[in-house]
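Presented below is the structure to which this report refers.
Just so you know, these numbers come straight off a predicted model, no measurement behind them. Throughout, a chain's letter reflects where its sequence line sits, starting with A, and its residues are numbered from 1.
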Amino acid sequence: MSKKLPTRQEDYSAWYNELVKRAGLAENSAVRGCMVIKPYGYAIWEKMQRQLDDMFKRTGHENAYFPLFVPKSLFEAEEKNAEGFAKECAVVTHYRLQNDPDRPGKLRVDPNAKLEEELIVRPTSEAIIWSTYKNWIQSYRDLPLLINQWANVVRWEMRTRLFLRTAEFLWQEGHTAHATATEAVAETRQMLDVYAEFAEEHIALPVVKGVKTPNERFAGAEDTYCIEALMQDGKALQAGTSHFLGQNFAKAFDVQFQTKEGGLEHVWGTSWGVSTRLMGALIMAHSDDEGLVLPPKLAPIQVVIVPIYKTGELDALLERIRPIQQGLAQRGISVKVDSRDTERPGFKFAEWEMKGVPVRLAIGARDLDAGTVEAARRDTKQKLQLPLSDVVDSVDKLLNDIQLSIYNKAKHYRDTHTTRVDTYDEFKAVLDGPGGFVVAHYDGTSETEELIKEQTKATVRCLPLNEPDEDGVCIVTGRPSQRRAWFARAY
RNA sequence: CGGGGUGUAGCGUAGCCCGGUAUCGCGUCUGCUUUGGGAGCAGAAGGUCGUAGGUUCGAAUCCUGCCACCCCGACCA
């Protein structure tokens, strides 16, 4: 195996795949389309989870857990939802294996152990959850019901890519029920804001908040809101969605409540989710040809200390390093001292760069005697001498700088790859040139959207919430348009 | 599911056309020397050649079935 990664320039896709494996984030498993998330990758996911979970709790949500399996009769209750997911469901039909009489030592499915009703492995949990909510909700006093669950789901995708699209993935799904449409819409928008804040503050990933067109809407939703991000190859990635479900699921599962006034009404629903796909976004947005670049807020290890020493001097040096290590830890900075005696410094430098640790301190007796340490920041590769006297403050500040700096870099890339166009020719030229978001008028019909997708592979990513109304004409049909949409080729 | 391709050590591979002792690199292990940007030398371990059958004195190599994976398409919130 070559020491260097393929570059983004020569093969973006190979760069991504190699990076995910070499940084120890995930690998393909023995199961088609399913990945093994390795400890270092899972540590990043755990940091995402912890932060998001805090944000959910702060907005009044509680966690619960619902079954992996959904009886087919429940699954099919909300027709649009069922239809939307039907083609990618794993289905359990039997419950027992037996020895195969024809092939000694092998097992086969016991033909007598067929389930009376097939079980669908959840591709999303609306069905099982709403069938439960029917029992939980009787009165306006039971509302709003604000539940989240951390779970795995299965969608039998034809083509998979580590983190970006896998047959099984981890996510959270919030499912809420409300007395009024207004409240439910407010919840939908609130959670979109939570996602956007998380993406920008923690992943350092600038996102556009918007609403999906009917073509791209979640199956069973009245409206789908989303955050869209731009990757370094000019393709967009949907990073999170929040759905206003109207009364669709309440009606399908007969979830009604008595109002204060004594009436009987269906509740209003929302659902919202982000998945391990955020890992893909994180990787593709910031990393470079040397490996992963992690925002300090999500880095499992924020500072790695590499001791520089000669044979026999390691223990003595580690003693001198300890106060620095403890000082950083007391500041709440996660620090690792790479005291492996089996690898040389150059190897360690390269390895921690591959793993995206934001700050590296190389410390030898020479530095300590001079009252300095050498710091290297991962994002810019810049090296600087920090005075030993205030190393904790300096590193703390450095981590904040890095968090901000990689956000600004991603924002600059996004802004310089967002192009307003007024003709279809310009539209195509941008897509085939720099790529990125293309902001254009179109007539708002599904037909035009389909046509554009067929001809250019670009889809409407969203109608941004903050995009002002503006009269114009559709770049394809010339019909009037009141608003620009954001298009892009997407993952 | 359609078209194309590939299965050889932990990983990446040569050998296959034209049958005859299993090739090389990385990694791993041991020892010594090294250690401020991916160390050097010496030695060692590691293989049902995807799987089942066939042809043959003899199969990684030829033939057939099966399985798995990859790429392109279809599919994709």
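Between the C1' atom of B:C76 and the CZ atom of A:Arg277 lies a distance of 9 Å, rounded to the nearest Å. One can place NZ of A:Lys21 at 11 Å from C1' of B:C70, the figure rounded to the nearest angstrom. For the pair A:Ile308 CD1 and B:U34 P, the interatomic distance rounds to 17 Å; values are reported in whole Å. If you measure from atom CZ of A:Arg360 to atom P of B:G38, you get 12 Å, rounded to the nearest angstrom. In this structure, A:Glu157 places its CD atom 18 Å from P of B:C1, rounding to the nearest Å. A:Asn28 has its CG atom 14 Å from the C1' atom of B:C11, to the nearest Å. Rounded to an integer number of Å, the gap from NZ of A:Lys38 to C1' of B:G10 is 12 Å. Counting to the nearest Å, the P atom of B:C69 and the CD atom of A:Glu27 are 16 Å from each other.
Nearest-nucleotide assignment on RNA chain B puts the 5′-proximal partner with A:Ala362, out of A:Ala362 and A:Arg165. Map A:Ala376 and A:Lys457 each onto its nearest nucleotide of RNA chain B; the residue landing nearer the 5' end is A:Ala376.
Under the 6.0 Å cut-off for aromatic ring centres, A:Phe244 and A:Tyr225 do not qualify, their centroids lying 6.0 Å or more apart.
Taking CD1 from A:Ile147 and OG from A:Ser125, the interatomic distance works out to 12.5 Å, rounded to the nearest 0.5 Å.
When distances are taken from the side chain of A:Glu374 to each of B:C76, B:G36, B:U35, the shortest belongs to B:G36.
Using cut-offs of 30° and 60° on the angle between ring planes, the pair A:Phe253 and A:Phe249 is parallel. Ring orientation note: the planes of A:His243 and A:Phe218 are close to parallel, at an angle under 30° on the 30°/60° scale.
B:A39 and B:U33 make up a base pair, with Watson-Crick or G-U wobble contacts both under 3.5 Å. With both pairing distances under 3.5 Å, B:C66 is matched to B:G50 as a Watson-Crick or G-U wobble pair. Remark: B:A14 base-pairs with no nucleotide in the shown strands. Criterion, Watson-Crick or G-U wobble with two distances under 3.5 Å.
In terms of modelled atom types and a separation under 3.5 Å, the side chain of A:Asp110 and the main chain of A:Arg96 share no donor-acceptor contact.
A:Gln172 and A:His61 share no side-chain donor-acceptor pair at under 3.5 Å. A:Glu126 and A:Ser271 share a side-chain donor-acceptor pair at under 3.5 Å. Side-chain polar atoms of A:Thr93 and A:Glu118 form no donor-acceptor pair below 3.5 angstrom.
Across all strands, A:Glu353 comes closer than 4.0 Å to base atoms (heavy-atom distances). Using a 4.0 Å heavy-atom cutoff across all strands shown, A:Lys212 reaches no nucleic acid atom at all. Residue contacts for A:Lys383: at a heavy-atom cut-off of 4.0 Å it reaches a base atom on one of the strands shown. Within the nucleic acid shown, A:Asp367 comes within 4.0 Å of at least one base atom, counting heavy atoms only. The residue A:Thr124 sits apart from the nucleic acid: no heavy atom pair falls under 4.0 Å.
Here, B:C26 and B:C66 have their P atoms 41 Å apart, quoted to the whole Å.
Residues from residues 335-351 of chain A lying near RNA chain B, meaning a heavy-atom separation below 4.0 Å, are A:Arg344, A:Pro345, A:Gly346, A:Phe347, A:Phe349, A:Ala350, A:Glu351 in numerical order.
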